[in-house]
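Single-structure report; data block below.
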Amino acid sequence: MTSAELRHRFLEFFRNHGHTVVPSSSLVPLNDPTLLFTNAGMVQFKDVFLGREDRPYSRAVSAQRCVRAGGKHNDLENVGYTARHHTFFEMLGNFSFGDYFKRDAIQYAWAFLTDTLALPPERLWVTVYATDDEAYDIWQREIGIPAERIIRIGDKPDGGSDNFWQMGDTGPCGPCSEIFYDHGPEVAGGPPGSPEEDGDRYIEIWNLVFMQFDRDQQGVLHPLPKPSVDTGMGLERLAAVLQGVHSNYDIDLFQRLIAAAAEATGAPNGDNPSLRVLADHVRACAFLVTDGVIPGNEGRGYVLRRIIRRAVRHGYKLGMRQAFFHRLVPALVLEMGSAYPELTQAETRVTGILRQEEERFFETLEHGMAILDAELQRVATSGDPLNGETAFKLHDTYGFPLDLTQDICREHGVRVDLAGFERAMARQREQARAAGRFRMDSVLEYSGQTTTFHGYDALTTDAARVLALYHAGVAVDHLQTGQDGIVILDQTPFYAESGGQVGDAGALLAPAARFAVQDTQKIQNDVVGHAGQLSEGVLRIGDTVSAQVDGVQRVRTMRHHSATHLLHKALREVLGAHVQQKGSLVDADKTRFDFSHSSALTAEEIARIEALVNAEILANQPTQMRIMPLDEARQSGAVMLFGEKYADTVRVLDIGSSRELCGGTHVSRTGDIGLFKITSESGVAAGVRRIEAIAGEVALAFVAAQQALLMQSATLLKTTPTDVPARIAQLQDQLKSLDRELSRATSRLAASQGGDLASQAVTVADVQVLAARVDGLDAKSLRETLDKLRDRLRPAAIVLGTVAGDDKVMLVAGVTPELTERLKAGELVNAVAQQVGGKGGGRADMAQAGGTDPSRLDEALASVANWVAARLS
């Protein structure tokens with residue numbers, strides 16, 4: 001039975017028993033910051049089990065893609081070297097939400113394994129939690145498994161049990177029953193619970209979790225009103241059992257991916273750990289990119305980068321010196337695309353992102369490997385660990401993730417000085433912090449009253465009291481005229497920088513003082529600092545001030561912030577649901593928005609995005625703000641950013657058709673934005689694009705300036721604005737024609753000079769040596785002249801030089817084929833270039849170079865004959 005058939009039969013078995021087939025959720029858990037990746041089938045049902053979410057069904061079945069390559073669940077170092085460790089795997093699971101419980105769950109499992117799949121019943125063993133008599137009795141009395149094949153598993157000495165599952169220290173939990181397959185006495189290992197249980201004879205294939213209790217803060221277990229079932233079975237493990245192989249890498253799916261890896265690398269298709277690594281890693285990488293993860297330097301992006309670079313390094317071991325890993329994607333799509341259509345749809349994007357990341361790493365891989373190999377040779381005999389500074393240099397300069405360095409060292413029996421690595425890393429962090437821009441919250445010490453924010457409704461607060469003052473980062477009781485400082489108020493209309501929106505500017509006015517606010521930042525989450533300069537008088541703690549926001553700057557900033565929400569929505573509509581915000585900066589002059597996408601936007605895509613945003617603006621819909629519980633906001637479909645820490649109660653903004661969580665300030669109606677215009681689109685990192693755009697009067701001014709440029713261009717071209725493109729095309733055709741004429745004339749000049757120059761050659765040890773200065777030729781003509789001279793002079797060594805219009809020396813050298821064993825053109829041109837302030841090189845038969853000192857060109861050319869004579873002697 002193939003892996004695809006097994007997946008299909010599992011889903012159909014439970015569909016026929018009243019379960020709803022639920023598609024695999026993303027590898028990026030929705031709004032769950034507690035998990036790096038989806039690592040089990042129950043993750044997408046977590047809120048259902050906790051009672052926070054209702055579904056229209058009480059029974060579900062799924063084939064869930066999972067990744068375990070970071071955080072608590074990290075199998076990366078074992079992948080490729082053991083039979084059953086993977087970064088990516090598929091978990092088959094059936095779930096009951098307060099519907100059936102232990103009896104039905106056990107009967108379903110037994111029927112599927114022994115009837116549908118026809119596994120021999122005598123090969124199956126089960127475990128139950130030590131005190132779970134109910135499950136034990138069902139297995140023995142109803143299913144009929146002999147008592148000697150039912151094993152009770154208790155708690156470990158350090159707490160916990162393999163047969164008692166819990167979601168956390170508190171909350172839903174319950175006993176488990178695991179099903180094992182016995183591979184037979186010819187395989188070493190003992191049954192679960194025995195001293196030999198780590199052997200490979202008895203392999204766990206299915207875990208049935210019975211959510212039976214709710215653990216409170218004191219550790220007391222209370223029966224759940226609606227006990228539930230969560231099961232998980234590794235597709236790869238069960239496929240190995242059904243296909244009669246012992247290693248997951250020997251099943252059909254992996255064998256075809258391993259064959260694709262062998263073809264891409266040219267390696268023999270045998271028992272090679274590196275090929276297994278590639279087959280495993282392409283699944284994890286492709287599905288992570290499909291689900292919107294892109295290689296980066298932190299979080300999920302860094303885990304993806306580590307996996308890609310580990311794959312590239314194993315390709316390097318197989319002799320690869322250029323990008324190859326991305327070529328495995330079509331084979332993966334062929335294997336798994338029918339089960340996961342989203343992979344097929346994302347194939348082009350996945351291939352592009354993997355290729356980009358590969359190419360970047362190959363640029364530094366060889367240099368890094370040379371350093372590491374040299375260091376490994378040094379410590380091989382001494383028994384010392386790899387120096388932590390070296391490991392950090394490989395990480396920081398050559399892009400080697402630490403675990404990649406550890407992986408390589410492990411192959412050589414060398415450990416890494418982790419303490420030294422951490423010291424180097426800490427030193428870099430400290431230097432980065434010292435070089436970073438000033439942040440109030442990292443400098444100021446404050447423990448007083450919080451600040452009440454009124455800025456959503458007003459731009460002025462007339463009775464704000466000064467709570468604290470700071471000068472040069474130190475608390476003071478007053479500020480004097482001309483001093484820079486930070487003012488903390490008990491209430492303010494000033495918005496503090498957050499969520500990509502810059503802080504407000506304005507003024508704090510007292511009867512005898514004026515403080516110009518240049519920026520507003522958060523000292524703490526609910527304490528606002530107003531940074532600026534006291535331009536008049538003296539300001540003291542306890543003074544009452546009128547806090548007045550610069551209304552013009554605020555309104556312009558609001559337009560750009562509201563436009564950013566509409567832009568985000570339009571990007572997802574035009575480019576796809578994989579688009580995720582990766583950063584933003586919103587101020588009075590622009591919005592800058594970074595997002596996940598693998599390729600540059602076309603002119604058509606940019607036009608469609610602009611049209612969608614401006615259509616929302618023209619609709620002039622009112623902006624709606626609601627305060628609601630986080631769970632309710634999540635269920636309403638509001639866009640949330642992973643990594644953001646949200647309170648239990650959140651602010652939900654509806655702007656046009658966009659709905660996001662946002663604490664920023666916004667326009668009252670979409671029409672207040674006025675006009676939206678994208679000014680640039682570029683790449684900022686692998687898989688991350690950046691759009692800069694403008695709105696309101698800034699956009700109007702931009703359009704007016706563009707119109708003025710068009711009118712000026714039309715005047716210069718002596719045509720109308722509408723005919724400017726045609727006039728430019730006409731001039732370009734004329735220019736190409738002139739270039740062709742010039743090229744022909746230059747070639748004729750080069751030919752004539754070549755004939756004249758041949759007579760200037762001198763004979764050195766039976767070799768024709770020519771070194772000449774040729775003025776008026778460009779680089780192409782210089783090479784053409786060299787080729788003609790090499791055809792006429794044999795055997796010959798030739799150097800030609802010229803001075804370009806910017807006083808730069810250009811040199812070309814050629815050696816005829818019969819001489820290249822004794823004379824190298826690259827060495828010859830380099831010897832001449834060094835005399836004119838440059839350097840160069842190239843092939844043995846032809847090379848070129850440059851220089852910066854034209855005054856020494858004649859002298860340098862005169863040295864060629866002696867250089868050739870010395871080499872020939």
Side-chain angles (χ1 to χ4, degrees), residues 321-322 362-363 366-367 370 739 742-873:
R321 294 299 182 267
Q322 59 185 5
F362 266 115
E363 291 174 1
E366 193 156 3
H367 294 296
D739 282 342
L742 179 61
S743 179
R744 287 192 292 268
T746 305
S747 295
R748 288 194 295 271
L749 175 62
S752 64
Q753 291 204 9
D756 295 340
L757 290 171
S759 62
Q760 299 179 26
V762 298
T763 301
V764 176
D766 296 328
V767 173
Q768 299 292 304
V769 178
L770 174 62
R773 177 169 179 162
V774 187
D775 292 322
L777 298 185
D778 57 16
K780 178 184 176 183
S781 300
L782 204 61
R783 290 192 296 271
E784 289 177 353
T785 303
L786 176 71
D787 289 339
K788 289 181 172 58
L789 288 167
R790 284 197 301 175
D791 291 340
R792 296 187 61 176
L793 300 172
R794 284 179 178 271
I798 305 163
V799 180
L800 302 179
T802 189
V803 179
D806 54 359
D807 286 339
K808 299 292 184 182
V809 176
M810 289 190 297
L811 296 166
V812 293
V815 174
T816 50
E818 64 271 18
L819 290 177
T820 53
E821 290 296 323
R822 293 188 291 163
L823 296 175
K824 308 292 184 187
E827 296 175 358
L828 173 56
V829 80
N830 190 49
V832 177
Q834 288 181 4
Q835 300 177 59
V836 293
K839 60 181 180 179
R843 305 191 309 269
D845 61 332
M846 200 283 284
Q848 58 189 37
T852 58
D853 187 358
S855 65
R856 300 188 58 192
L857 177 58
D858 293 336
E859 179 184 351
L861 292 170
S863 70
V864 170
N866 291 334
W867 186 92
V868 172
R871 287 303 173 101
L872 293 176
S873 65

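The model shown is predicted, which means the values in this text are computed figures rather than measured ones.
Salt bridge absent: K780 and D778 never bring a charged side-chain N and a carboxylate O closer than 4.0 Å. Look at K788 and D791 and you find no salt bridge, because none of the NZ, NE, NH1 or NH2 atoms lies under 4.0 Å from a carboxylate O.
At least one donor-acceptor pair under 3.5 Å links the side chain of T802 to the backbone N or O of V774. The closest donor-acceptor contact from the side chain of T816 to the backbone of R794 lies at 3.5 Å or more, if one exists at all. Between the side chain of R773 and the backbone N or O of V803, no donor-acceptor pair lies under 3.5 Å. In this structure, the side chain of T852 engages the main chain of G837 through a donor-acceptor pair within 3.5 Å.
Contacts of S863 classified as side-chain hydrogen bond (donor to acceptor under 3.5 Å, both in side chains), with partners at least two apart in sequence or in another chain: Q835. Here R783 pairs with nothing under the salt bridge (Lys or Arg N to Asp or Glu O under 4.0 Å) rule; sequence neighbours left out.
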Evaluation steps, side chain to side chain contact (heavy atoms under 4.5 Å, CB included), between V832 and V864: CA-CA 7 Å; V832 177; V864 170; 3.7 Å; yes

Side chain to side chain contact (heavy atoms under 4.5 Å, CB included) between R790 and V815, worked out: CA-CA 7 Å; R790 284 197 301 175; V815 174; over 6 Å; no

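The distance from the CG atom of L789 to the CD1 atom of I798 is 5.0 Å, given to the nearest 0.5 Å. L800 contributes atom CG, which lies 11.0 Å from atom CE of M810 (distance to the nearest 0.5 angstrom). Distance check: Q768 CD to T763 OG1 gives 4.0 Å after rounding to the nearest 0.5 Å. The CG atom of L786 lies 11.5 Å from the CG atom of L811; values are rounded to the nearest 0.5 Å. Interatomic distance, NZ of K824 versus CG of N830, reported as 14.5 Å (0.5 Å rounding).
The two residues A849 and A833 have their closest heavy-atom pair at CB-CB, 3.7 Å. Closest approach of V809 and P854 over heavy atoms only: CG2-CA, 3.6 Å.
Within a 6.0 Å radius of CD in E818, more than 12 heavy atoms belonging to other residues, nucleotides or ligands are found. Other residues, nucleotides and ligands place more than 12 heavy atoms under 6.0 Å from the CG atom of D739.
Considering only heavy atoms from C-beta on, L757 comes within 4.5 Å of L770 through its side chain. Side chains of L819 and V767 form a contact here, defined as non-hydrogen atoms less than 4.5 Å apart. Side-chain contact between L861 and V799: present, with at least one pair of heavy atoms (C-beta onward) separated by less than 4.5 Å.
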Report, one line per pair, each donor and acceptor closer than 3.5 Å where one atom sits in a side chain of residues 865-873; sequence neighbours left out.
residue, atom, partner, partner atom, Å
R871, NH1, E827, OE1, 2.7
S873, OG, A869, O, 3.3
S873, OG, A870, O, 2.8

